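Quick notes on the structure that follows.
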Amino acid sequence: TPPANIEKREFLFKVLVIGELATGKTALVKRYVHNFFSEHYRATIGVDFALKIMKYDDDTVIRLQLWDIAGQERFGNMTRVYYKEAVGCFIVFDVTRGSTFEAVTKWKTDLDNKVQLPDGSPVPCVLLANKCDLVKDGLVENAQQMDQYCEETGFAKWFPTSAKENINIETSARFLISEIMKHT
Ligand code: GTP
Ligand code: MG
(Lines give C-alpha, C1' and ligand atoms only; values in the text may rest on other atoms or scores of the structure.)
(Ligands and ions follow the chains in the order given, each with its own letter.)
Protein backbone atom coordinates (compact mmCIF):
# COMPACT_ATOMS: atom_id res chain seq x y z
CA THR A 1 0.00 0.00 0.00
CA PRO A 2 1.18 3.57 -0.72
CA PRO A 3 2.03 5.89 2.18
CA ALA A 4 -1.05 7.44 3.74
CA ASN A 5 -0.11 10.97 2.79
CA ILE A 6 0.17 10.27 -0.93
CA GLU A 7 -3.40 11.46 -1.55
CA LYS A 8 -2.96 14.74 0.33
CA ARG A 9 -3.68 17.87 -1.67
CA GLU A 10 -2.66 21.41 -0.88
CA PHE A 11 -4.14 24.69 -2.05
CA LEU A 12 -2.86 28.24 -1.75
CA PHE A 13 -5.69 30.79 -1.65
CA LYS A 14 -5.27 34.56 -1.67
CA VAL A 15 -8.07 36.04 0.45
CA LEU A 16 -8.75 39.76 0.92
CA VAL A 17 -9.97 41.41 4.12
CA ILE A 18 -11.50 44.80 3.33
CA GLY A 19 -13.90 47.33 4.83
CA GLU A 20 -13.94 50.74 6.49
CA LEU A 21 -11.39 52.09 8.99
CA ALA A 22 -11.30 50.51 12.46
CA THR A 23 -13.96 47.89 11.73
CA GLY A 24 -11.65 45.19 13.10
CA LYS A 25 -10.01 43.66 10.02
CA THR A 26 -6.58 43.45 11.59
CA ALA A 27 -8.05 42.25 14.88
CA LEU A 28 -9.94 39.44 13.11
CA VAL A 29 -6.80 38.33 11.27
CA LYS A 30 -4.70 38.47 14.43
CA ARG A 31 -7.29 36.44 16.35
CA TYR A 32 -7.58 33.88 13.56
CA VAL A 33 -3.87 33.45 12.90
CA HIS A 34 -2.26 34.13 16.31
CA ASN A 35 -5.23 33.78 18.71
CA PHE A 36 -4.38 37.24 20.01
CA PHE A 37 -6.52 40.36 20.63
CA SER A 38 -5.66 43.90 21.67
CA GLU A 39 -7.95 46.85 22.44
CA HIS A 40 -5.26 49.13 21.07
CA TYR A 41 -5.99 50.60 17.63
CA ARG A 42 -3.20 51.17 15.19
CA ALA A 43 -4.38 51.86 11.65
CA THR A 44 -2.95 49.59 8.98
CA ILE A 45 -0.86 51.40 6.38
CA GLY A 46 -1.32 49.92 2.92
CA VAL A 47 -1.58 46.17 3.46
CA ASP A 48 -0.53 43.59 6.05
CA PHE A 49 -0.02 39.92 5.28
CA ALA A 50 -0.69 36.79 7.28
CA LEU A 51 -0.59 33.11 6.47
CA LYS A 52 -2.95 30.59 8.02
CA ILE A 53 -2.37 26.92 7.37
CA MET A 54 -5.46 24.89 8.03
CA LYS A 55 -6.44 21.29 7.74
CA TYR A 56 -9.63 21.49 5.71
CA ASP A 57 -10.34 17.76 5.83
CA ASP A 58 -8.42 14.48 6.11
CA ASP A 59 -6.71 14.89 2.76
CA THR A 60 -6.80 18.64 2.13
CA VAL A 61 -4.50 21.32 3.51
CA ILE A 62 -5.28 24.98 2.78
CA ARG A 63 -2.70 27.74 2.90
CA LEU A 64 -4.68 30.92 3.34
CA GLN A 65 -2.75 34.03 2.36
CA LEU A 66 -4.65 36.86 4.04
CA TRP A 67 -4.33 40.38 2.63
CA ASP A 68 -5.44 42.75 5.39
CA ILE A 69 -5.99 46.01 3.52
CA ALA A 70 -6.13 49.40 5.25
CA GLY A 71 -9.62 50.95 5.38
CA GLN A 72 -8.21 54.20 4.10
CA GLU A 73 -7.24 52.45 0.85
CA ARG A 74 -10.80 52.81 -0.49
CA PHE A 75 -9.79 56.37 -1.34
CA GLY A 76 -6.40 55.38 -2.71
CA ASN A 77 -5.56 53.89 -6.08
CA MET A 78 -3.81 50.71 -4.99
CA THR A 79 -6.79 48.41 -4.52
CA ARG A 80 -6.64 47.12 -8.09
CA VAL A 81 -3.08 45.99 -7.41
CA TYR A 82 -3.95 44.46 -4.04
CA TYR A 83 -7.03 42.64 -5.38
CA LYS A 84 -5.14 40.95 -8.23
CA GLU A 85 -5.55 37.15 -8.28
CA ALA A 86 -7.63 37.03 -5.09
CA VAL A 87 -9.97 34.04 -4.94
CA GLY A 88 -11.98 35.02 -1.86
CA CYS A 89 -12.89 38.05 0.21
CA PHE A 90 -14.18 39.12 3.61
CA ILE A 91 -15.85 42.50 3.83
CA VAL A 92 -15.97 43.71 7.43
CA PHE A 93 -18.22 46.33 9.05
CA ASP A 94 -18.58 47.48 12.65
CA VAL A 95 -22.05 46.76 14.06
CA THR A 96 -21.81 49.84 16.31
CA ARG A 97 -21.25 52.24 13.39
CA GLY A 98 -23.93 52.37 10.67
CA SER A 99 -21.69 54.33 8.33
CA THR A 100 -19.37 51.31 8.07
CA PHE A 101 -22.30 49.17 6.90
CA GLU A 102 -23.34 51.81 4.36
CA ALA A 103 -19.85 51.58 2.86
CA VAL A 104 -20.05 47.78 2.40
CA THR A 105 -21.79 48.16 -0.97
CA LYS A 106 -19.03 50.51 -2.11
CA TRP A 107 -16.33 48.01 -1.15
CA LYS A 108 -18.24 45.19 -2.86
CA THR A 109 -18.64 47.23 -6.06
CA ASP A 110 -14.97 48.22 -6.01
CA LEU A 111 -14.02 44.57 -5.61
CA ASP A 112 -16.29 43.25 -8.37
CA ASN A 113 -15.17 45.99 -10.76
CA LYS A 114 -11.50 45.21 -10.27
CA VAL A 115 -11.16 41.44 -9.91
CA GLN A 116 -12.84 38.26 -11.13
CA LEU A 117 -12.01 34.58 -10.90
CA PRO A 118 -10.24 33.08 -13.92
CA ASP A 119 -13.63 31.73 -15.10
CA GLY A 120 -15.06 35.26 -15.03
CA SER A 121 -17.31 34.80 -12.00
CA PRO A 122 -17.20 37.22 -9.05
CA VAL A 123 -14.83 36.45 -6.19
CA PRO A 124 -16.69 34.57 -3.39
CA CYS A 125 -17.39 37.10 -0.70
CA VAL A 126 -18.49 36.81 2.95
CA LEU A 127 -19.82 39.72 5.01
CA LEU A 128 -18.63 40.00 8.62
CA ALA A 129 -20.74 41.99 11.12
CA ASN A 130 -17.89 42.52 13.56
CA LYS A 131 -17.81 43.62 17.22
CA CYS A 132 -21.00 41.66 17.91
CA ASP A 133 -19.81 41.44 21.54
CA LEU A 134 -20.84 45.10 21.87
CA VAL A 135 -24.50 44.62 20.82
CA LYS A 136 -25.65 41.35 22.34
CA ASP A 137 -29.34 41.80 21.34
CA GLY A 138 -29.41 44.10 18.31
CA LEU A 139 -28.40 41.62 15.64
CA VAL A 140 -30.95 38.82 15.66
CA GLU A 141 -33.92 41.05 14.78
CA ASN A 142 -32.05 42.26 11.69
CA ALA A 143 -30.98 38.78 10.60
CA GLN A 144 -33.65 38.41 7.93
CA GLN A 145 -32.83 41.84 6.46
CA MET A 146 -29.16 40.91 6.44
CA ASP A 147 -29.93 37.66 4.59
CA GLN A 148 -31.86 39.64 2.00
CA TYR A 149 -29.09 42.24 1.71
CA CYS A 150 -26.56 39.45 1.06
CA GLU A 151 -28.72 37.93 -1.64
CA GLU A 152 -29.18 41.29 -3.37
CA THR A 153 -25.54 42.32 -3.11
CA GLY A 154 -23.95 38.99 -4.03
CA PHE A 155 -22.54 37.92 -0.67
CA ALA A 156 -22.45 34.15 -0.17
CA LYS A 157 -23.37 34.63 3.51
CA TRP A 158 -22.92 36.91 6.53
CA PHE A 159 -21.79 36.15 10.06
CA PRO A 160 -21.84 38.16 13.28
CA THR A 161 -18.23 38.03 14.51
CA SER A 162 -16.13 39.19 17.41
CA ALA A 163 -12.37 39.34 17.31
CA LYS A 164 -12.46 40.18 20.99
CA GLU A 165 -14.47 37.14 22.08
CA ASN A 166 -13.44 34.87 19.20
CA ILE A 167 -16.94 34.40 17.81
CA ASN A 168 -17.55 32.85 14.35
CA ILE A 169 -14.10 33.57 12.95
CA GLU A 170 -13.13 29.93 12.35
CA THR A 171 -16.68 29.24 11.08
CA SER A 172 -16.73 32.08 8.59
CA ALA A 173 -13.25 31.19 7.32
CA ARG A 174 -14.28 27.58 6.81
CA PHE A 175 -17.41 28.71 5.00
CA LEU A 176 -15.47 31.02 2.67
CA ILE A 177 -13.00 28.24 1.89
CA SER A 178 -15.85 25.88 1.01
CA GLU A 179 -17.16 28.53 -1.41
CA ILE A 180 -13.69 28.94 -2.93
CA MET A 181 -13.34 25.15 -3.25
CA LYS A 182 -16.44 25.07 -5.50
CA HIS A 183 -14.33 26.80 -8.15
CA THR A 184 -11.27 24.52 -7.95
P1 GTP B 1 -7.72 49.90 9.60
O2 GTP B 1 -6.42 49.17 9.60
O3 GTP B 1 -7.56 51.35 9.94
O4 GTP B 1 -8.47 49.74 8.33
O5 GTP B 1 -8.64 49.30 10.80
P6 GTP B 1 -8.99 47.76 11.09
O7 GTP B 1 -10.24 47.43 10.38
O8 GTP B 1 -7.83 46.89 10.84
O9 GTP B 1 -9.34 47.81 12.65
P10 GTP B 1 -8.54 47.12 13.86
O11 GTP B 1 -8.51 45.65 13.70
O12 GTP B 1 -7.26 47.80 14.02
O13 GTP B 1 -9.51 47.41 15.10
C14 GTP B 1 -9.96 48.73 15.40
C15 GTP B 1 -10.35 48.82 16.85
O16 GTP B 1 -11.50 48.01 17.11
C17 GTP B 1 -9.26 48.34 17.82
O18 GTP B 1 -9.26 49.18 18.95
C19 GTP B 1 -9.72 46.94 18.20
O20 GTP B 1 -9.32 46.57 19.50
C21 GTP B 1 -11.23 47.07 18.14
N22 GTP B 1 -11.92 45.82 17.80
C23 GTP B 1 -11.66 45.03 16.73
N24 GTP B 1 -12.47 43.97 16.72
C25 GTP B 1 -13.25 44.06 17.82
C26 GTP B 1 -14.30 43.24 18.36
O27 GTP B 1 -14.68 42.20 17.84
N28 GTP B 1 -14.88 43.69 19.51
C29 GTP B 1 -14.51 44.83 20.13
N30 GTP B 1 -15.15 45.17 21.25
N31 GTP B 1 -13.52 45.62 19.64
C32 GTP B 1 -12.90 45.24 18.50
MG1 MG C 1 -5.97 47.25 10.13
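Hydrogens, waters and symmetry mates play no part in the numbers below; they use all other heavy atoms, side chains included. Computed from a predicted structure; not experimentally measured. Position 1 is the first residue of the sequence, and the numbers go up from there.
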Greater than 12 external heavy atoms within 6.0 Å of Glu85's CD:
no

Under a 3.5 Å cutoff, is there a donor and acceptor pairing between the side chains of Tyr56 and Ser178?
no

Residues 159-184 vs ring-ring contact (aromatic ring centres under 6.0 Å, His included), sequence neighbours excluded, gives Phe159-Phe175

Exactly one candidate in Phe101, Phe155, Trp107 meets ring pair (Phe, Tyr, Trp, His ring centres under 6.0 Å) with Phe93; the answer is Phe101

Nearest-0.5 Å distance that lies between atom CZ in Phe75 and atom CD in Glu73:
11.0 Å

Among the clusters formed by ILVMFWY side chains lying less than 4.5 Å apart, do Leu12 and Leu64 turn up in the same one?
no

Residues two or more places apart in sequence or in another chain: which of them pass side-chain contact (heavy atoms from CB on, under 4.5 Å) with Asp147?
Trp158

Take a 6.0 Å sphere around CD of Glu10 and say whether it holds more than 12 heavy atoms from other residues, nucleotides or ligands.
yes

More than 12 non-hydrogen atoms from neighbouring residues, nucleotides or ligands closer than 6.0 Å to NZ on Lys30, yes or no?
no

Could you check whether any side-chain N or O of Lys25 sits under 3.5 Å from a backbone N or O of Glu20, counting only pairs where one atom can act as donor and the other as acceptor?
yes

If you count heavy atoms of other groups shown closer than 6.0 angstrom to CG of Asp58, is the number above 12?
no

Listed pairs under 3.5 Å, donor-acceptor, residues 43-51 side chains, sequence neighbours left out:
residue: Thr44; atom: OG1; partner: Thr26; partner atom: OG1; Å: 2.8

Single-linkage hydrophobic cluster Leu134~Leu28, side-chain heavy atoms < 4.5 angstrom
no

